[in-house]
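The structure under discussion appears below in the form of structure tokens.
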Amino acid sequence: MTPAAQLQAIVDRVHRNEADWEALFHECVPTYDPHTDDQPAEDRYMGHYDEADNDRAHQCRELLLELTAELEALTREMEGSR
């Protein structure tokens with residue numbers, strides 16, 4: 001896989017992750033609105049929102065660490081091909 005293809009795969013993975021989370025939030029929190037400056041859901045769903053948001057934070061950290069490792073490997077590969 002070319003470096004450009006590897007980078008695009010990383011970008012695609014991030015976009016898929018975001019789309020999956022949006023779908024999950026809408027499933028768990030029917031009144032979820034990501035575009036509000038106010039609270040993101042009706043009061044009765046805020047517990048579900050908080051739980052999903054906490055899970056998201058942990059999974060995003062894991063994804064960030066995985067992507068960082070992939071980028072480091074790609075960087076080493078590109079430096080080695082000079």
Q. Ile10 and Gln6: side chain to side chain contact (heavy atoms under 4.5 Å, CB included), yes or no, with the steps?
A. CA-CA 6 Å; Ile10 290 171; Gln6 288 174 298; 5.7 Å; no
(Q) Run the side chain to side chain contact (heavy atoms under 4.5 Å, CB included) test on Phe25 and Arg56 for me, step by step, so that the C-alpha distance in whole Å, both residues' side-chain angles and the decisive distance to 0.1 Å come before the verdict. (A) CA-CA 10 Å; Phe25 272 118; Arg56 182 181 191 188; 3.7 Å; yes
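By the salt bridge (Lys or Arg N to Asp or Glu O under 4.0 Å) test, Arg13 pairs with Glu66, Glu70, sequence neighbours left out.
Under the 4.5 Å side-chain criterion, counting only non-hydrogen atoms from C-beta, Gln59 is in contact with Trp21. At least one side-chain heavy atom of Asn54 sits less than 4.5 Å from a side-chain heavy atom of His58. Counting heavy atoms from C-beta outward, Leu24 and Tyr32 have side chains that stay 4.5 Å or more apart.
For the atom pair CG of Asp53 and SG of Cys28, the computed distance is 12.0 Å after rounding to the nearest 0.5 Å. For the atom pair Thr2 OG1 and Met78 CE, the distance stands at 10.0 Å (nearest 0.5 Å). Atom CG of Asn17 is separated from atom CD of Glu22 by 10.5 Å, given to the nearest 0.5 angstrom.
Linking ILVMFWY residues whenever their side-chain heavy atoms come closer than 4.5 Å, directly or via other members, places Leu67 and Leu7 in the same cluster. Both Leu63 and Leu74 belong to a common hydrophobic cluster when Ile, Leu, Val, Met, Phe, Trp and Tyr are linked at side-chain heavy-atom distances under 4.5 angstrom.
The nearest pair of heavy atoms linking Met46 to Ala41 is SD-O, 3.5 Å. Minimum heavy-atom separation, Gln39 to Thr36: O-CG2, 3.4 Å.
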